[in-house]
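Chain identifiers are assigned alphabetically (A, B, ...) following the order of the sequence lines, protein sequences preceding nucleic acid strands; residue numbering begins at 1 within each chain.
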There are 2 protein chains.
Amino acid sequence: MGEGRLGEPGPPVRGRPVPQRRPYDGDTPRTGAAEGISGAGQVARVAGIKDVARQAGVSVGTVSNVINRPEAVLPETRARVLAAIEELGYVRSESARQLRAGRSRIMALLVLDMGNPFFVDVARGAERAARAAGLGVMVCNSDQSPAEEAEYLGLFAEQRVCGVLVTPADASGRNLEAFARHRIPYVLVDRVAPGTGTCAVSVDDVRGGALAVGHLLSAGHRSVAYVSGPGDLHQIRDRREGALAALADAGLPPEALVEIPSERLDVAAGRDAGARLLGLVPRPTAVFCANDLLALGVLQALYAAGVRVPQDIAIVGYDDIEFAAAAAVPLTSVRQPAVVMGRLAAELLLEESDDEDGTHEHRSVVLQPELVVRASSSTPR
Amino acid sequence: MGEGRLGEPGPPVRGRPVPQRRPYDGDTPRTGAAEGISGAGQVARVAGIKDVARQAGVSVGTVSNVINRPEAVLPETRARVLAAIEELGYVRSESARQLRAGRSRIMALLVLDMGNPFFVDVARGAERAARAAGLGVMVCNSDQSPAEEAEYLGLFAEQRVCGVLVTPADASGRNLEAFARHRIPYVLVDRVAPGTGTCAVSVDDVRGGALAVGHLLSAGHRSVAYVSGPGDLHQIRDRREGALAALADAGLPPEALVEIPSERLDVAAGRDAGARLLGLVPRPTAVFCANDLLALGVLQALYAAGVRVPQDIAIVGYDDIEFAAAAAVPLTSVRQPAVVMGRLAAELLLEESDDEDGTHEHRSVVLQPELVVRASSSTPR
DNA sequence: CACGGATGATGAATCGATTCATGGTCGATT
DNA sequence: AATCGACCATGAATCGATTCATCATCCGTG
């Protein structure tokens, strides 16, 4: 069908399925327009710096100066140029600037799950820092898929973004290893750096797990279920490790932690996990969830089954998202400084990206989590 | 301080505070490198199409062909070029492509509040459609601030994005009016088009409001509180209008709707509204909230005050976000097809943006909301 | 009056990819 | 053998902004 359309215009088209959109773009009309519109509105392609220069009767260099170093231009000239800019509705083209500069003024943020308010907060922090530095932010969602992640990283490389904030979905690190070839700086978010070659901002997940389970144990519980997530995520493993450490501290064996694995980290998965929790014998009296979405799901499953929280089963979540505090039974949760994490990560990235003389030293910042006790765990039986 | 740093290198710098980052960038080293590295890794600037051409022993045009129309290149040549690409780790520069093409391959999405899962779903739908078309998506957050909105729209214009999906924060429409000058297509999301000059995808909010309040009335309630939001948002007004229509249908006067205004649309604002609701005399027996975040906040305030839901007060929310179903008392809510809306909007935008011969006709798509009844309203007193 | 210095404006070169008119080669047909 | 077409590859022009060496003015001073 494409060929049929192509065959119609005059010149004998070769028989190849050429994927050309707008075959002639506008070379001819553009040249025509450039010769001498000035006043007429005609086809009116968007105004470029040359149009402004012509309109103001100056050179393109001067227009550029007005935009980038206005103090170096005579006020009179500047006013004329600004008037021309205003009149033509001129907006400078970032692509042209980028082409010269070698990289764009956009920072990328690649998170595991935009449905998780935790990452929304991270994004908020990063965005604030980036915009303060005059950069745009491109927020993307890998959905925990290494393939998606690879695709996005490729996109970022093509865009020559000035840097990437990423919470890796690919535990093997292969994606990032490949990405490193492009010499685009990146900062790991919510993940410790594997070596010293990378900046990273993370929260001490081991400690977070210990806080959560320690809290439950000190309330008298002797067995705790752990609703986990994909086993290849560091966060999940570290929180488990912290949980086990807390058990050990209390003189309990590792078997006192009953793991309820979960493929995903959302509310629906939490409901499933809650159902499985109810089927366990003996039934644990407390459950620690790898994040708040799971906890909310568990809470709902228990509620539906008539199991009282915290009287029958206590719940502790992780992340302390807004909805944790807003739940039917407000959730005890381990708060992560998400906004701060986003901001710090962006600042580290800016530092690395502004670094011209190789002075930058990679840093790993580890933030501390904080236990927020609410009703879901506060009154042990 | 900047001047001191600038004064050091040889050439006599003029005494102006020039804001130049990386003053010399790399012209000299680059030219040097371009003369003949080939083998050595040296300063190793990122490889461009010319490097690939040299390495493969072909012209740049051929490299371009290999990338964009591989079937037009002899397999043998193609293999050589691909090998060179692989070896040099070449990634084509989007900025250069964009410069020629006149616009980027990025679609922008500007939403009111990324903290609202409703918009996250919209983003999900849009992203899916955009990526299917090979475009990247830049998700941004105006936070209901017209000023932020204006700033982002300016950024989009500079980036020459191929189109913008926007839920306007500026009710006056001035921001978009100004943006229209740039000839960048845009589609309104969750908002009806003011005229025929724009595409739009929205949900029938009047009907949504009517569904919600009609449901409450048919359950026997005779007075309904409406927790609203910023008065200049169309959504808020339309939902109120629908609510009033439902009252009229039931033969009740407009006064039967008691408005509890709210500045913001988040859970915290909902808690405040809930507190005010409790202070009303006579106390309404039912409350309709302009969105689920408010409803969750109200629910929590009522719960904390020992008011039973739905026995004492029934609640209906709006949006049917995941957390509505996961609430302590699962929320009755008006479901909006958010993902579909995002997808449709993106598709309309793609159509308009691909339109070369002016064939495109602007369309306004209005989707229908759906009432999802859950426990928060299901058993009237 | 000549010269130096400061200040403004200029315009060509440049970034990297795309596009297309052009040229070259080979095979088939007349 | 000459011609034509098909097929490949080439390289120059182009997109729009930045940058810098260069030029033009003007003022003050010796």
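At least one cation-pi condition fails for Arg174(A) and Phe179(A): the charged atom is not both under 6.0 angstrom from the six-membered ring centre and inside a 45 degree cone around its axis.
Note: CG (Leu88(A)) to C1' (dA17(D)) measures 16 Å, nearest angstrom. Remark: P of dC15(D) and CD of Glu94(B) are 19 Å apart, rounded to the nearest angstrom. Rounded to whole angstrom, the span from the CG atom of Asp51(B) across to the C1' atom of dG16(C) amounts to 10 Å. Nucleotide dG16(D) holds its C1' atom 12 Å from the CD atom of Gln98(B), rounded to whole Å. The interatomic distance linking Lys50(A) (NZ) with dT18(D) (P) rounds to 14 Å, in whole Å. Atom pair Arg103(A):CZ and dG16(C):C1' shows a separation of 17 Å (rounding to whole Å applied). Rounded to an integer number of Å, the gap from Arg160(A) CZ to dC15(C) C1' is 11 Å. If you take CG of Leu74(B) and P of dT25(C), they are 15 Å apart, rounded to a whole angstrom.
Residue Gly48(A) is in sugar-phosphate contact alone, with no base atom involved, counting any heavy-atom pair closer than 4.0 Å across all strands shown. Counting any heavy atom pair closer than 4.0 Å across all strands shown, Val73(B) reaches sugar-phosphate atoms only and no base atom. Using a 4.0 Å heavy-atom criterion, one finds that Val58(B) contacts the sugar-phosphate atoms exclusively. Nucleic acid contact for Thr77(A): sugar-phosphate only, since backbone atoms but no base atoms lie under 4.0 Å from a heavy atom of the residue.
Distances shorter than 4.0 Å separate some side-chain N or O of Asn68(A) from OP1 or OP2 on dT18(D). Between Thr62(A) and dT10(C) there is a side-chain N or O to OP1 or OP2 distance below 4.0 Å. Contact annotation: Ser93(A) side-chain N/O to dG16(D) OP1/OP2 distance is not under 4.0 Å. Put simply, Tyr90(A) has no side-chain N or O that comes within less than 4.0 Å of OP1 or OP2 on dG16(D). Phosphate proximity of dA17(D) to Arg92(A): absent, as no side-chain N or O sits under 4.0 Å from OP1 or OP2. The side chain of Arg100(B) contributes no N or O atom lying less than 4.0 Å from OP1 or OP2 of dT14(D).
Toward the 5' end of DNA chain D, the nearer of the two residues Glu76(B) and Ala96(B), judged by each one's closest nucleotide, is Glu76(B).
Ion pairing between a basic and an acidic side chain is recognised when a charged N comes within 4.0 Å of a carboxylate O; Glu94(A) and Arg97(A) show such pairing. Contact check on Glu347(A) versus Arg343(A) returns a salt bridge, with a Lys/Arg side-chain nitrogen under 4.0 Å from an Asp/Glu carboxylate oxygen.
Side-chain atoms of Arg69(B) and Ser64(B) form no donor-acceptor pair, as typed in the model, at a separation below 3.5 Å.
For Ser64(B), counting side-chain heavy atoms from C-beta on, the closest listed nucleotide (dT18(C), dT10(D), dA17(D)) is dT18(C).
Side-chain contact between Cys140(B) and Leu109(B): absent, with no pair of heavy atoms (C-beta onward) separated by less than 4.5 Å.
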